[in-house]
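Quick note: numbers below take in every heavy atom, side chains included, and nothing from hydrogens, waters or symmetry partners. Position 1 is the first residue of the sequence; numbering continues from there.
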Amino acid sequence: MRLFLAGLLVSVATMAAVPFHAQAADGALQTIKQTGVLRVGTTGDYKPFSYKGADGALVGADIEMAKELATALGVKAEFVPTTWKTLLEDFKAEKFDVALGGITVNADRAAVGDFSVPNVSDGKRPIARCADKEKFTTVEAIDQPTTRVVVNPGGTNEKFARQAFTKAPIEVWPDNRTIFGQIAANKADVMVTDGVEADLQAKLSGGVLCAVPVAAPFTHFENAYLLRKDPALKQAVDQWMTGALANGVWKAKLDGAMQ
């Protein structure tokens, strides 16, 4: 975690040094301030970023950050449920102003919204039962007819699996909150997901699941907040996020959620 946070600080410092020249338009930020509400879309199924606690309330590092962002904008946060499969269509339909909770930066999303300064730099890695962790250290080792790959629907995990695995059968499990139990119960063998999630779920499993010791992540990507297109909104969120990264607020939130 220290490595990707250190890398982010370097890139964020570079971005923060670039002057902002765009004119503040009458757009999303003005509407947010007029209504007094920041509508936050999140799936609520992705530890440690956004998930439901035992009482059903949303918790996680990005949930706490969303509340602080709303305060910084002088409004209140209102959380809007979405799913990985419907996130982009919900965003296009303007059901929320910002989407967060482990949102990977990619071209499809960037085409319809603005991405904030990233707060995570990560890569896809496998998680498997600890007894099998040495079996799945490469894409080729996983992509065998006898390997049961499990994915959650509609997000980057499924997209990666469909592109990388042509021999291994792929099962789509609809609930990301319980998907790791499929591996623990020997109903699936491996899942390839974001490294931070693999590490956390291994920690939470009590020694049943392990993050597979790969030589390097299978991919590299950044997570950020997806914003409605508006230069003023992007500037405000970027300045706030830059500060949260520099002063340790984001790291504290993430560390606190990695339990």
Side-chain angles (χ1 to χ4, degrees), residues 4 40-52 58-63 65-66 79-93 95-96 98-116 118-128 139 142-143 148-166 168-183 188-202 204 209 211-212 214 217-227 254 257:
F4 74 65
V40 180
T42 192
T43 62
D45 63 356
Y46 186 4
K47 291 184 178 182
F49 303 113
S50 165
Y51 58 100
K52 291 183 178 180
L58 283 168
V59 293
D62 278 330
I63 299 302
M65 290 287 282
F79 293 98
V80 181
T82 187
T83 69
W84 294 111
K85 190 172 184 179
T86 63
L87 186 148
L88 201 55
E89 291 306 313
D90 288 345
F91 183 79
K92 291 177 183 177
K95 292 183 178 180
F96 34 81
V98 54
L100 50 73
I103 307 293
T104 301
V105 176
N106 65 33
D108 290 342
R109 293 166 180 165
V112 297
D114 290 327
F115 274 109
S116 71
N119 63 344
V120 169
S121 180
D122 202 355
K124 297 292 185 190
R125 291 191 275 123
I127 182 171
V139 169
I142 295 171
D143 193 21
R148 298 167 297 174
V149 174
V150 65
V151 297
N152 55 310
T156 58
N157 290 339
E158 182 178 12
K159 184 176 181 179
F160 173 84
R162 299 291 181 194
Q163 291 174 343
F165 307 130
T166 59
I170 298 171
E171 177 190 0
V172 177
W173 185 255
D175 188 352
N176 199 50
R177 295 167 296 183
T178 60
I179 194 169
F180 299 95
Q182 292 295 102
I183 305 173
D189 297 313
V190 64
M191 179 179 179
V192 178
T193 186
D194 298 2
V196 67
E197 184 174 45
D199 290 339
L200 177 59
Q201 291 297 332
L204 295 175
L209 303 179
V212 173
V214 295
F218 296 160
T219 65
H220 175 265
F221 58 83
E222 292 176 325
N223 289 346
Y225 296 174
L226 181 61
L227 315 171
L254 186 56

Work out which heavy atom in Phe115 is nearest to a heavy atom in Ala224; give both atom names and the distance.
-> CD2-CB, 3.8 Å
Pairwise distance CZ(Phe180) to CG(Asp175) - rounded to 0.5 angstrom | 11.0 Å
Is there a donor-acceptor pair under 3.5 Å between the side chain of Glu158 and the backbone N or O of Gly154?
-> yes
Results of side-chain hydrogen bond (donor to acceptor under 3.5 Å, both in side chains) for Thr219 - residues two or more places apart only | none
Enter the distance from Asp122:CG to Phe221:CZ here, rounded to the nearest 0.5 Å.
-> 4.0 Å
Result of checking Leu226, Val40, Val80 against Phe96 for side-chain contact (heavy atoms from CB on, under 4.5 Å) = Val80
Does the pair Tyr46 and Asp194 meet the rule for a side-chain hydrogen bond (donor to acceptor under 3.5 Å, both in side chains), with working shown?
-> CA-CA 10 Å; Tyr46 186 4; Asp194 298 2; 2.6 Å; yes
Who pairs with Asp143 by side-chain hydrogen bond (donor to acceptor under 3.5 Å, both in side chains), at least two apart in sequence or on another chain?
-> Thr166
Got a second to check how far Lys124's NZ is from Thr104's OG1, nearest 0.5 Å?
-> 5.0 Å
Closest approach of His220 to Ser121 (non-hydrogen atoms, all atoms of both residues) | NE2-OG, 2.8 Å
Test side chain to side chain contact (heavy atoms under 4.5 Å, CB included) applied to Ser50 - qualifying residues, sequence neighbours left out | Thr42, Leu58, Ile63
Determine, step by step, whether Asn119 and Asp62 satisfy the side-chain contact (heavy atoms from CB on, under 4.5 Å) criterion, reporting the C-alpha distance in whole Å, the side-chain angles of both residues, the deciding distance to 0.1 Å, and the verdict.
-> CA-CA 10 Å; Asn119 63 344; Asp62 278 330; 3.3 Å; yes
Side chains of Asn223 and Phe49 in contact at under 4.5 Å (non-hydrogen atoms) | yes
How close do Leu100 and Ala66 get, heavy atom to heavy atom, and via which atoms?
-> CD2-CB, 3.8 Å
Got a sec, which residues hit side chain to side chain contact (heavy atoms under 4.5 Å, CB included) with Ile170, two or more places apart in sequence or on another chain?
-> Val149, Val151, Ala161, Arg162, Phe165
How long is the gap from CZ on Phe218 to OG1 on Thr193, to the nearest 0.5 Å?
-> 12.0 Å
Output, in order, the C-alpha distance, side-chain angles, deciding distance and verdict of side-chain contact (heavy atoms from CB on, under 4.5 Å) for Ile103 and Arg109.
-> CA-CA 9 Å; Ile103 307 293; Arg109 293 166 180 165; 3.8 Å; yes
For residues Val112 and Phe91, report the shortest heavy-atom separation together with the two atoms involved.
-> O-CE2, 3.4 Å
Nearest heavy-atom contact between Ala61 and Ala257 is N-CB, 3.8 Å
What closest approach, in Å, do Pro217 and Gly123 show between heavy atoms, and which atom pair accounts for it?
-> CB-CA, 3.9 Å
Could you pull out all residues at least two apart from Asp45 that satisfy side chain to side chain contact (heavy atoms under 4.5 Å, CB included)?
-> Thr43, Trp84, Asn176, Arg177
With sequence neighbours excluded, tell me which residues meet side chain to side chain contact (heavy atoms under 4.5 Å, CB included) with Ala128.
-> Phe136, Val190, Val212
Would a 4.5 Å heavy-atom cut-off, applied to side chains only, mark Met191 and Asn152 as touching?
-> yes
Evaluate the side-chain proximity of Leu204 to Lys47: yes if any heavy-atom separation is below 4.5 Å, no if none is.
-> yes
Inter-residue atom distance Lys95.NZ - Thr86.OG1, 0.5 Å rounding | 7.0 Å
